[in-house]
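This report concerns only the one structure given below.
Letters A, B, ... mirror the listed sequences (proteins, then strands); counts begin at 1.
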2 protein chains.
Amino acid sequence: MKALSIKDIAVKANVSITTVSFIINGKAKEKSISEAVIEKVEKIIQESGYKPNQIARSLRTGNSNIIGLIVEDISNSFFAKIARLIEDKAYKRGYKIIYSSTENSVEKAQELINMFKTRKVDAYIISPIKGIEEDIRMLLSDDKPVILFDRNLADVDVNYVGANHFNASYQSIESFVAQGKKNIALVTTDIDVEQITERFDGYKKALLDNGLAYNDELVLKIHFNQDEETTINQIKNLFNTQKIDAVLFATNYLAISGLKVLKQIKKKIGSEFSVIAYDDHEAFELHTPGISTVQQPLEDIAETVIKLLLNQLSSKTKIPNQQVIIPATLIIRD
Amino acid sequence: MKALSIKDIAVKANVSITTVSFIINGKAKEKSISEAVIEKVEKIIQESGYKPNQIARSLRTGNSNIIGLIVEDISNSFFAKIARLIEDKAYKRGYKIIYSSTENSVEKAQELINMFKTRKVDAYIISPIKGIEEDIRMLLSDDKPVILFDRNLADVDVNYVGANHFNASYQSIESFVAQGKKNIALVTTDIDVEQITERFDGYKKALLDNGLAYNDELVLKIHFNQDEETTINQIKNLFNTQKIDAVLFATNYLAISGLKVLKQIKKKIGSEFSVIAYDDHEAFELHTPGISTVQQPLEDIAETVIKLLLNQLSSKTKIPNQQVIIPATLIIRD
DNA sequence: TTGATGTAGTAAAACGTTTTACCATAACCA
DNA sequence: TGGTTATGGTAAAACGTTTTACTACATCAA
């Protein structure tokens with residue numbers, strides 16, 4: 001049972017393909033097709049269940065109503081949640097999402113961008129990594145809307161939506177200081193993206209502003225993509241060798257590893273030892289005691305991303321790129 | 001800067017489009033194109049960075065190298081993890097994934113299937129809901145490979161990959177019984193899919209086989225899609241009004257809500273009160289005490305799904321549908 | 001010498017749309 | 001009357017591939 005084509009409809013209705021096409025695309029009025037024909041054709045379409053072949057449509061029009069979404073890892077709850085929100089909002093506006101995970105690999109990211117390009121996606125939403133600046137510039141020079149989110153790339157002029165990582169990190173440290181903490185550690189990753197360096201900068205600045213010395217030994221940079229066991233050992237080592245009374249984890253998965261360590265070495269979180277995690281996670285609310293977190297406004301981010309995208313898609317002229325920084329909030333739990 | 005087309009390459013190389021096409025598709029040898037021409041063309045392709053337009057290719061060949069993945073909710077960690085694994089494996093074989101969430105809505109599911117159909121996806125991976133049997137039959141009659149996973153549909157003859165929900169549930173209850181529990185509750189949902197009813201059946205059978213009465217009051221069926229606050233209140237009500245010494249949660253998000261309740265009403269998990277959750281979650285390992293869970297073998301499920309799919313895709317003839325049931329394992333934590 | 005076979009390659013149709021340019025006929029105006 | 005405008009519609013090109021059927025020439029076997 002082959003799928004119906006516009007031709008089948010045209011034959012059945014005894015009109016030309018052109019006429020059917022006009023009707024499908026709501027141009028019947030403006031092309032002066034009579035009421036009678038419109039009705040007849042629409043009835044036939046209804047009854048036969050005909051659906052236009054989007055591939056053919058894409059080939060002809062050059063766009064696909066598909067938005068490509070590239071994230072680091074869709075199984076990370078932060079990305080999964082954002083993806084879901086974006087998908088939802090896009091869907092309501094008639095766009096579909098194709099997504100893929102880069103696993104922090106430059107080559108994979110480049111392949112993905114190429115793949116999307118050959119599929120003629122209409123726009124790109126990317127949580128980028130360093131090393132794909134050139135590829136992104138190419139997209140921009142093709143006049144395709146591109147929105148970066150979560151992470152920015154310093155030397156590309158492009159739309160960006162993200163949280164205020166510096167501030168969030170700064171505030172987290174200040175809240176530690178307010179509790180009288182003196183030896184505050186940071187567990188972060190060595191991914192070279194602004195988002196991560198901002199978190200580091202916020203940490204450092206807050207220490208210095210509050211008269212605490214910055215101590216390299218208290219900062220652990222975990223290699224991205226390494227297996228969790230190694231991570232756990234490194235964190236364990238940090239906790240065992242350094243005198244620490246508070247720790248900020250720069251991502252939620254690092255915090256989860258960290259909490260596993262605490263469980264293993266039976267160190268309790270409490271007045272002696274405080275923890276804040278960046279990016280919330282179900283586990284943090286459930287944990288006893290609750291883990292304080294920096295919550296990124298997922299809903300706001302998704303909404304802003306989509307809004308920026310649709311603006312670009314619907315405007316003929318080039319809209320200047322925007323950088324939208326959304327405040328994150330520190331949720332104190334115990 | 002318009003994208004290059006096969007024609008541009010042909011002109012540059014001074015050969016016909018046909019020749020370029022043969023070379024691109026590795027048919028040069030069999031079509032007896034000379035070594036010299038092959039090299040020349042390949043060099044030009046390399047240098048120019050030409051990539052074939054997949055849309056045009058799809059239109060001509062009728063397939064897209066895209067697999068449609070339909071799940072209930074991509075932001076649920078079970079689906080997010082499976083999606084990532086499937087994506088990975090598919091990618092290695094040259095397939096891309098388009099995914100979408102149904103939110104347990106029949107209409108949305110049907111729309112999605114239609115959307116995928118008009119995009120000519122090559123195959124479908126679906127975690128289905130009741131009510132789309134007919135749509136799935138249509139896909140099958142179009143000779144498109146379809147794999148259901150996680151949930152089966154009773155009256156459709158189709159490939160299925162899932163865990164042994166009955167056994168897992170049965171074993172969970174037996175483990176409660178072995179600890180001397182007498183009043184064992186079940187918190188489940190009212191989604192009408194085999195996977196959920198099997199979990200219920202396992203619960204009931206295990207009780208009866210072990211000489212415990214089945215008590216309707218100890219089974220709470222949460223309406224799917226309702227907001228978490230209502231769920232929490234219903235669970236709270238169950239815990240407050242019934243004498244319970246153990247509870248099995250039929251999904252991980254129900255368990256998370258349940259744990260929130262326990263935290264609120266300050267009920268401790270321990271020898272007096274045991275919990276098992278269906279589908280693991282980071283929060284369960286981290287929880288103090290650790291929450292025992294039924295762990296579905298995500299890796300196995302993803303691998304089996306892809307294997308089944310590729311078998312079908314690569315075989316000319318119709319392969320009989322298979323039902324693959326993979327054992328789940330009970331992880332005891334404390 | 002003829003017919004078959006192999007080698008190297010190409011022209012053109014087809015996939016299913018959208019869109020441009022066009023054709024009739026009718027109606028209107030002065 | 002003739003010219004313009006409105007109405008209702010269509011033919012055919014174009015999007016970028018793949019693939020079928022073909023050509024032209026060379027070589028070989030008998």
Side-chain angles (χ1 to χ4, degrees), chain A residues 1-42 45 48-66 114 117-122 142, chain B residues 1-42 45 48-66 114 117-122 142:
Chain A
M1 196 181 62
K2 284 234 58 66
L4 292 169
S5 81
I6 195 172
K7 194 173 169 187
D8 299 316
I9 304 299
V11 168
K12 240 181 256 186
N14 226 331
V15 297
S16 74
I17 290 182
T18 310
T19 303
V20 178
S21 175
F22 285 154
I23 294 173
I24 291 172
N25 294 290
K27 299 192 180 161
K29 285 270 145 51
E30 119 201 23
K31 297 291 183 179
S32 64
I33 305 293
S34 70
E35 239 354 286
V37 171
I38 296 182
E39 264 173 38
K40 178 171 64 173
V41 171
E42 276 177 345
I45 291 180
S48 63
Y50 163 71
K51 295 271 186 299
N53 179 327
Q54 298 295 335
I55 299 279
R57 195 174 254 185
S58 288
L59 179 59
R60 171 63 224 219
T61 62
N63 45 45
S64 59
N65 279 332
I66 291 187
N114 256 321
K117 227 195 291 194
T118 63
R119 306 252 183 232
K120 305 290 167 191
V121 305
D122 291 352
D142 279 359
Chain B
M1 196 183 58
K2 283 234 60 64
L4 291 170
S5 80
I6 195 170
K7 193 173 170 188
D8 299 315
I9 304 299
V11 168
K12 240 180 255 186
N14 226 332
V15 297
S16 74
I17 290 182
T18 311
T19 303
V20 178
S21 175
F22 285 154
I23 294 174
I24 290 172
N25 293 289
K27 299 192 180 161
K29 285 270 145 51
E30 117 202 24
K31 297 291 182 179
S32 63
I33 306 294
S34 71
E35 236 359 282
V37 171
I38 296 182
E39 264 173 37
K40 178 172 62 175
V41 171
E42 276 176 346
I45 291 179
S48 63
Y50 163 72
K51 295 272 186 301
N53 179 328
Q54 298 295 335
I55 299 280
R57 195 174 253 185
S58 289
L59 179 60
R60 172 63 225 220
T61 63
N63 44 45
S64 58
N65 279 332
I66 292 189
N114 256 322
K117 227 195 291 193
T118 64
R119 306 254 182 228
K120 305 289 167 193
V121 305
D122 291 353
D142 279 358

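- Counting only heavy atoms from C-beta on, Ser32(A) has its side chain closest to dG8(D) among dG8(D), dC15(C), dT10(D).
- The distance from atom CD of Glu39(B) to atom P of dA8(C) is 14 Å, rounded to the nearest whole Å.
- Atom-to-atom, NZ of Lys31(A) to C1' of dT20(C) comes out at 8 Å; the value is rounded to the nearest Å.
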Go through it in stages, so that I can follow the logic: the residues are Ile66(B) and Gln54(B), the test is side chain to side chain contact (heavy atoms under 4.5 Å, CB included), and I'd like the CA-CA distance, side-chain angles, deciding distance and then a yes or no.
CA-CA 11 Å; Ile66(B) 292 189; Gln54(B) 298 295 335; over 6 Å; no

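- Between Ile33(B) atom CD1 and dT10(C) atom P there is a gap of 7 Å when expressed in whole angstrom units.
- When side chains are defined from C-beta on, Asn114(B) counts as touching Lys117(B), because their heavy atoms get closer than 4.5 Å.
- Side chain Arg60(B) to base dT17(D): no donor-acceptor pair is found below 3.5 Å.
- Separating the CG atom of Asn65(B) from the P atom of dT17(D) is a distance of 15 Å, rounded to the nearest angstrom.
- Checked against dT17(C), dG16(D), dG9(D), the side chain of Ala56(A) finds its nearest nucleotide in dT17(C).
- The distance between atom CD1 of Ile9(B) and atom P of dG16(D), rounded to the nearest whole Å, is 13 Å.
- Side-chain nitrogen and oxygen atoms of Ser16(B) include at least one within less than 4.0 Å of the OP1 or OP2 phosphate oxygen of dT10(C).
- Atoms CD (Glu30(B)) and C1' (dG9(C)) sit 14 Å apart, rounded to a whole Å.
- The side-chain heavy atoms of Glu35(B) and Lys29(B), taken from C-beta on, include a pair separated by under 4.5 Å.
- Between dC15(C), dT17(D), dT18(C), one nucleotide has an atom nearer to the side chain of Arg57(B) than all others, and that is dT17(D).
- Contacts between residues 19-29 of chain B and DNA chain C, defined by a heavy-atom separation below 4.0 Å, involve Thr19(B), Phe22(B), listed by number.
- Regarding contacts with the backbone of dT17(C), a side-chain N or O of Tyr50(A) is found under 4.0 angstrom from either OP1 or OP2.
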Kindly indicate, with the supporting measurements, whether the criterion side chain to side chain contact (heavy atoms under 4.5 Å, CB included) is fulfilled by Ile24(B) and Ile6(B).
CA-CA 10 Å; Ile24(B) 290 172; Ile6(B) 195 170; 4.1 Å; yes

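- Comparing Asn14(A) and Pro52(B), the nucleotide of DNA chain D nearest to each residue sits closer to the 5' end for Asn14(A).
- Put simply, CD1 on Ile17(A) is 11 Å from P on dT10(D), counting in whole angstrom units.
- Using a 4.0 Å heavy-atom cutoff across all strands shown, Ile55(B) reaches no nucleic acid atom at all.
- DNA chain C is contacted by both Val37(B) and Thr61(B); Val37(B) maps to the nucleotide lying nearer its 5′ end (nearest heavy atom per residue).
- Between Thr18(B) and Lys31(B) the shortest side-chain heavy-atom distance does not fall below 4.5 Å.
- Rounded to a whole Å, the CG atom of Leu59(B) is 9 Å from the C1' atom of dA14(C).
- In terms of heavy-atom proximity, Ser64(B) sits nearest to Asp122(B) at N-OD1, 2.8 Å.
- OP1 or OP2 of dG9(C) lies within a sub-4.0 Å distance of a side-chain N or O belonging to Ser34(B).
- Between Lys120(B) and Thr61(B), every side-chain heavy-atom pair lies at or beyond the 4.5 Å cut-off.
- The side chain of Thr18(A) sits closest to dT20(C) out of dG16(D), dT20(C), dT20(D).
- Pro52(A) is listed as a side-chain neighbour of Arg57(A), based on a closest heavy-atom distance under 4.5 Å.
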